Amino acid sequence: MEQYNKEQKEAINFKGKHLLLLAGAGTGKTKTIVGRAAHLIESGVLAEKIQILTFTKRSASEIVERVKAVIPEKNAQALNGSTFHSWCNQLITNFPNLFGAANFTLIDADDQLSLMKMACGNKNTGYGKVRIKPQKILDLFSFARNTRINLTAAIRMQLFKGKVDSETDEEIEEVRPVLELLIREYQKLKIEQKYLDYDDLLLVVGNRLNKDEEARKILSKAYEHILVDEMQDTNPLQWFLLAPFENIAKLFCVGDDAQSIYSFRGADFKNVHSFKERVVNSEIKKLDKNYRSTQEILDLSNWLLEKSPIIYNKKLSSHRGAGKKPVILNATNQFEEANYIAEKILKDFRDGGKRFSDFLILSRSQYYTKPLQAVFLQKKIPYETYGGRKFLEAAHIKDVVAIFRVINNPLDQIAWMRYLTFVHGIGEVRASNYLHKILSIDPEDITGDFLSSIIPGPEGEKIKSYYDAVSSNKHNVKQAVSKLYEEMEFDLALKYPKDWIEKRKGDFPVLEMLAAHYSTLGEFITEGILDNSTGLGGTHMLEGSKIKTTEKRDHVIISTVHSAKGLEADVCFVLNVSPKTYPSSYSLGSNEEIEEERRVLYVALTRAKNELIITRTTDSLNAYHSDTDRVDENMDINSAYFLEELPENLVVQETPQGGYRKPRDTEKPNNIDLDFGFDFS
DNA sequence: AGTCGCAATATTTTT
DNA sequence: TATTGCGACT
């Protein structure tokens with residue numbers, strides 16, 4: 001049975017309408033949400049009328065599992081926990097007549113980019129006039145929709161650093177019409193091919209609920225309580241979605257302004273401060289006893305926050321008392337850093353009685369963990385990465401899924417192109433010719449035979465065999481995967497000669513396993529895109545959703561800070577806390593950006609329970625960075641470095657001893673004239 | 001003309 | 001690691 005303190009109990013038993021619970025790091029935030037859900041169910045609320053909204057599927061399922069562990073499982077069976085996006089997707093599917101988008105195909109970031117490239121490539125959109133990359137246009141458009149601002153304002157924010165002057169206004173007016181055309185084209189392509197992107201999920205539901213009384217009535221019967229985790233990272237679009245529920249359900253929101261790290265997605269932690277004005281009939285409560293970390297770790301975290309110009313009014317004090325001082329490891333390069341970490345883990349594992357799962361390694365970026373992963377592989381330390389490429393985003397998986405997609409939605413041109421060009425001998429040009437023919441007939445008449453009739457030779461036969469493998473097993477998704485894989489295996493191996501056996505082949509049994517949990521092709525495709533799990537490093541598992549782990553192998557977790565929300569570990573390494581990384585040199589535009597970087601570091605530091613080891617390198621891959629992106633040339637990067645004025649008594653400094661050192665050349669190129677020993681005289 | 005294979009290159013953060 | 005560009009091959 002879980003034990004709760006007084007503040008936690010008050011929140012759990014809250015009797016008013018809406019509540020915002022401000023809960024600092026390690027104060028039992030998740031535990032309290034679990035307690036709240038369990039309390040509601042025990043006091044008679046039907047589990048299916050409670051919706052838990054979280055940031056990742058992982059935390060959603062963790063909460064649901066924990067609730068089930070606390071109360072009799074049958075009462076909690078129908079409890080639903082999901083991300084905002086996945087929830088909207090469920091609503092769209094479950095209420096097809098309400099939202100009118102039930103049979104659309106959800107597209108991922110790659111597909112969005114392909115589509116935007118198509119939009120830019122299409123004639124008379126005037127793309128040539130703006131030298132803005134398609135990805136940048138997508139980011140801008142998404143930012144605008146997530147913050148609910150207009151195009152002009154979004155251009156000002158994203159392309160002109162928010163500057164307000166007549167010169168900027170003129171420049172904005174120059175690009176705005178072109179961007180408008182391109183975005184309209186992008187939207188048109190989406191509708192034509194029945195696609196929804198991530199933002200559409202929220203908008204389709206939000207728009208309908210906000211303007212349709214009838215829709216609100218229907219949903220008011222479905223939900224009584226909405227529990228929102230990580231409230232500080234919700235953006236205006238998510239608020240827009242929640243607003244209609246203010247009158248039809250009770251909101252229980254939990255967050256911490258000091259942990260807001262998603263402003264690039266439109267989140268604004270100040271929303272947390274204005275909660276009471278915004279939501280009528282609401283109250284605010286606080287949790288501030290930290291149960292996670294020792295005081296030394298909190299002292300450092302508190303210090304970091306106090307150095308901020310923003311007042312967070314937060315000083316965590318440890319319920320557990322004193323422990324070890326945080327360590328700063330000064331390594332010269334990334335390999336030394338990686339080796340130090342590997343050796344420490346192995347030593348603690350052998351002599352200290354620790355398990356691998358007692359370690360958590362946090363990085364500002366995915367990219368930076370590559371050398372570490374190499375060292376772990378070499379030293380045979382089992383690990384998993386959080387925050388990498390999604391399983392279903394891997395190229396070889398997308399190849400296979402493309403056939404599912406066209407059968408599920410024959411208008412899906414991106415999938416058709418991938419499908420057709422997968423076959424050896426068919427390139428982009430021939431594929432788009434075939435596609436033209438395919439789209440010109442009634443979707444009902446598309447069959448394997450039709451495909452082989454328009455595509456001559458063995459290529460056509462191959463295309464047909466793939467098509468038939470899936471279409472003849474439409475109602476047995478698992479069977480469809482295994483039949484299709486049988487047909488494709490040879491060509492897949494051919495396409496990925498370098499890493500087929502070692503890396504890719506093993507993904508297909510996993511895909512099959514995953515498929516077994518879905519009864520329709522559409523569900524299979526969509527859920528896969530919504531599920532943010534990685535397939536790197538061995539134990540494949542799609543957490544959160546349907547697939548349970550095959551076997552829970554003890555492993556170290558390597559995560560980006562952004563994906564580490566809610567995680568904690570006995571020993572925590574924070575990688576490369578060097579200038580140009582904390583804050584990131586990409587974020588030197590404004591004070592707001594720098595302060596967000598500070599919060600990123602704060603989130604990282606507060607994950608540690610007993611040991612916090614901060615590493616930094618004097619010479620890392622990130623240490624040299626082109627100055628071209630820098631906005632303010634005069635800004636001295638070191639002046640912004642968060643650990644610059646770190647009081648000595650808060651940490652212990654260390655350097656790796658007798659450790660591995662990668663053979664090194666001189667630090668910088670010397671402009672040596674190459675000498676081939678040839679006399680040209 | 002269309003497709004393939006090699007080499008170079010550049011990587012914040014996520015649903 | 002995935003994408004892009006270029007030269008070569010059918």
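Throughout, protein chains are lettered first and strands after them, A, B, ... in sequence-line order, and every chain is numbered starting at 1. All values derive from a computational prediction rather than experimental measurement.
- Residue ring and nucleobase are stacked for Phe264(A) and dT13(B), with a centre distance beneath 5.5 angstrom and an angle between planes beneath 30°.
- With Ile132(A) as the partner, the side chain to side chain contact (heavy atoms under 4.5 Å, CB included) test is satisfied by one option alone out of Ile155(A), Leu140(A), Asp139(A), Leu159(A): Leu159(A).
- Nearest to the side chain of Thr560(A), among dT13(B), dT11(B), dT15(B), sits dT13(B).
- The aromatic rings of Trp500(A) and Phe508(A) sit tilted, their planes meeting at an angle between 30° and 60°.
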TODO: Encode nucleotides 2-9 of chain B as B, S and - characters from 5' to 3', where the letter depends on protein heavy atoms closer than 4.0 Å: B to the base, S only to sugar-phosphate, - to neither.
DONE: SSSS----
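- Atom P of nucleotide dT13(B) and atom CD of Glu592(A) are separated by 22 Å, given to the nearest angstrom.
- Rounded to whole Å, the distance from CG on Asp108(A) to P on dT15(B) is 13 Å.
- Proximity of Ser563(A) to the phosphate of dT13(B): no side-chain N or O atom is located under 4.0 Å from OP1 or OP2.
- Atom pair Ile261(A):CD1 and dT15(B):P shows a separation of 11 Å (rounding to whole Å applied).
- Which of dT4(C), dT13(B), dT15(B) sits closest to the side chain of Ser365(A) comes down to dT13(B).
- Atom OH in Tyr386(A) sits roughly 18 Å away from atom P in dT13(B) (whole-Å rounding).
- Looking at Tyr198(A), its side chain has no donor and acceptor atom pair within 3.5 Å of the base of dT15(B).
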Task: Criterion side chain to side chain contact (heavy atoms under 4.5 Å, CB included) on Leu91(A) and Trp87(A), from CA distance to verdict - done: CA-CA 6 Å; Leu91(A) 292 175; Trp87(A) 182 46; 3.9 Å; yes
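- At a threshold of 4.0 angstrom between heavy atoms, the contacts of Phe84(A) with the nucleic acid are absent.
- Asn89(A) places its CG atom 12 Å from the C1' atom of dT15(B), with the value rounded to the nearest Å.
- One interatomic measurement links the two molecules: CZ of Phe143(A) to P of dT13(B), which rounds to 18 Å at whole-angstrom precision.
- Between Lys117(A) and dT4(C) there is a side-chain polar atom (N or O) within less than 4.0 angstrom of OP1 or OP2.
- Side-chain rings of Phe264(A) and Tyr262(A) approach one another, their centers coming within less than 6.0 Å.
- Within the 4.0 angstrom heavy-atom criterion, no nucleotide atom of any strand lies near Lys495(A).
- Taking atom CD of Gln373(A) as the reference point, atom C1' of dT1(C) lies 12 Å away to the nearest angstrom.
- The distance from atom OH of Tyr582(A) to atom C1' of dT13(B) is 10 Å, rounded to the nearest whole Å.
- For Glu461(A), the side-chain contact (heavy atoms from CB on, under 4.5 Å) test picks out Ser452(A), Lys464(A), with sequence neighbours left out.
- Using cut-offs of 30° and 60° on the angle between ring planes, the pair Phe524(A) and Tyr518(A) is tilted.
- Using a 4.0 Å heavy-atom distance criterion, Arg504(A) is classed as a sugar-phosphate-only contact.
- More than 12 heavy-atom neighbours from other residues, nucleotides or ligands sit within 6.0 angstrom of CG on Asn207(A).
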